[in-house]
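Reviewing the structure listed below.
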Amino acid sequence: INSILDNIDDLLVILSSDRKIMLHNKEADRVYRSISNASFHLGDDFLQCLIPERKKIVAEILDQLREDKKPYKTFAEYKTTTGGKLFLDLNYIPVLDDGGKISYIHLIGMDVTPQKIFEQKMTSLVGEVTNLIDNVNVIIASTDSRGYITQWNNRCAELFGYEKNEVFGR
């Protein structure tokens with residue numbers, strides 16, 4: 001079973017109901033090493049393996065899981081030991097026994113770093129283009145197919161005396 005788990009691209013950690021690490025795959029170990037320079041060990045308390053900044057929030061998530069017995073999805077940003085960034089989508093999934101008590105917790109995570117870096121670059125680019133349009137010394141105004149104003153730069157406001165918020169949608 002370990003060879004199957006080690007060929008999964010997502011990280012997987014299986015915790016006991018008392019937060020002990022019962023199983024983890026290579027991807028989980030790779031991610032953990034990239035943020036801590038350490039490795040997971042079977043039987044370790046999962047919270048004690050986390051970086052200090054994450055312990056409290058993960059403890060709250062696990063407490064919420066015990067109470068609700070429903071999956072919990074979250075997002076986390078980490079700084080790697082090499083100074084880079086690591087972005088993870090994390091799913092905590094409780095596995096219940098016949099009596100409705102939590103037997104195990106599956107932690108499944110996906111490294112979404114390339115997507116988040118792309119999003120950040122696109123957001124930055126949009127901001128730069130918006131700034132350029134707003135501050136260029138020419139009139140830039142546009143309308144949609146219904147004739148409503150959708151773009152109105154600072155030069156338009158200076159010449160016509162109306163601010164963006166006064167003309168948008170008119």
Side-chain angles (χ1 to χ4, degrees), residues 1-135 151 154 164-165 168:
I1 193 163
N2 283 343
S3 69
I4 293 170
L5 295 175
D6 287 341
N7 287 306
I8 296 173
D9 290 337
D10 295 342
L11 69 87
L12 172 67
V13 179
I14 298 178
L15 305 175
S16 64
S17 60
D18 61 348
R19 304 185 316 225
K20 302 280 190 243
I21 298 171
M22 299 181 68
L23 186 123
H24 62 86
N25 67 355
K26 283 184 182 176
E27 180 63 5
D29 208 44
R30 181 196 69 78
V31 167
Y32 184 58
R33 276 192 324 274
S34 76
I35 59 176
S36 70
N37 275 334
S39 294
F40 283 130
H41 298 289
L42 299 182
D44 285 352
D45 182 326
F46 183 65
L47 287 181
Q48 299 311 311
C49 297
L50 300 176
I51 59 174
E53 303 85 41
R54 295 293 299 170
K55 285 182 183 182
K56 183 178 179 186
I57 187 71
V58 173
E60 290 173 6
I61 289 169
L62 293 174
D63 289 344
Q64 188 70 40
L65 219 59
R66 280 193 202 106
E67 187 177 315
D68 294 345
K69 297 180 176 68
K70 294 180 183 175
Y72 188 92
K73 183 175 176 122
T74 188
F75 175 80
E77 178 180 342
Y78 293 94
K79 187 171 199 142
T80 65
T81 56
T82 59
K85 290 185 177 180
L86 177 69
F87 300 93
L88 298 172
D89 275 335
L90 299 167
N91 293 285
Y92 294 83
I93 304 166
V95 177
L96 306 178
D97 64 17
D98 292 338
K101 293 183 180 177
I102 294 178
S103 296
Y104 306 102
I105 298 168
H106 294 179
L107 170 57
I108 301 170
M110 179 184 287
D111 182 350
V112 293
T113 303
Q115 296 94 318
K116 288 306 268 184
I117 289 173
F118 178 76
E119 283 177 24
Q120 288 176 343
K121 286 180 180 177
M122 291 304 296
T123 300
S124 175
L125 183 59
V126 166
E128 290 173 18
V129 170
T130 299
N131 187 42
L132 176 66
I133 289 170
D134 282 345
N135 295 307
Q151 182 64 47
N154 293 338
K164 285 181 193 183
N165 60 348
F168 274 5

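Starting from 1, each residue takes its place in the sequence as its number.
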In the structure I gave you, are the side-chain heavy atoms of [X] and [Y] within less than 4.5 Å of one another anywhere?
| X | Y | result |
| --- | --- | --- |
| Asp111 | Lys116 | no |
| Ile14 | His24 | no |
| Ile105 | Val95 | no |
| Val129 | Leu132 | no |
| Ile117 | Lys85 | no |
| Tyr78 | Arg54 | yes |
| Lys70 | Pro94 | no |

Inset, instruction - Give the ring-plane orientation class for Phe40 versus Tyr32, where under 30° counts as parallel, over 60° as perpendicular and anything between as tilted. - result: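 Correct class here is parallel.
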Out of curiosity, [X] [atom1] to [Y] [atom2], how far, rounded to the nearest 0.5 Å?
| X | Y | atom1 | atom2 | value |
| --- | --- | --- | --- | --- |
| Leu47 | Lys20 | CG | NZ | 9.5 Å |
| Asp18 | Asp45 | CG | CG | 8.0 Å |
| Ser34 | Asp29 | OG | CG | 10.0 Å |
| Leu65 | Arg19 | CG | CZ | 12.5 Å |
| Ile35 | Thr82 | CD1 | OG1 | 11.5 Å |
| Tyr92 | Lys73 | OH | NZ | 12.5 Å |

Within 6.0 Å of [atom1] in [X], more than 12 heavy atoms from elsewhere:
| X | atom1 | result |
| --- | --- | --- |
| Lys101 | NZ | no |
| Tyr104 | OH | no |
| Phe75 | CZ | yes |
| Lys79 | NZ | no |
| Lys56 | NZ | no |

Shortest non-hydrogen contact between [X] and [Y], atoms and distance:
| X | Y | answer |
| --- | --- | --- |
| His41 | Ile21 | O-CB, 3.9 Å |
| Gly109 | Leu90 | CA-CD2, 3.8 Å |
| Asn25 | Leu11 | OD1-CA, 3.7 Å |
| Glu27 | Asp9 | CG-O, 3.2 Å |
| Phe46 | Leu107 | CZ-CD2, 3.4 Å |
| Ala28 | Val13 | CB-CG2, 3.7 Å |

Inset, instruction - Before giving the answer on side-chain contact (heavy atoms from CB on, under 4.5 Å), spell out for Leu62 and Tyr72 the whole-Å C-alpha distance, their side-chain angles and the decisive distance to 0.1 Å. - result: CA-CA 9 Å; Leu62 293 174; Tyr72 188 92; over 6 Å; no
Would you confirm whether [X], through its side chain, and [Y], through its main-chain N or O, come within 3.5 Å as a donor-acceptor pair?
| X | Y | value |
| --- | --- | --- |
| Asp10 | Met110 | no |
| Thr123 | Glu119 | yes |
| Asn135 | Asn154 | no |

Inset, instruction - Run the numbers on Arg33 and Thr80 for side-chain contact (heavy atoms from CB on, under 4.5 Å), then give the verdict. - result: CA-CA 9 Å; Arg33 276 192 324 274; Thr80 65; over 6 Å; no
Inset, instruction - Please determine if Asp63 and Arg66 form a salt bridge, counting it only when a charged side-chain N lies under 4.0 Å from a carboxylate O. - result: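 Arg66 and Asp63: salt-bridged.
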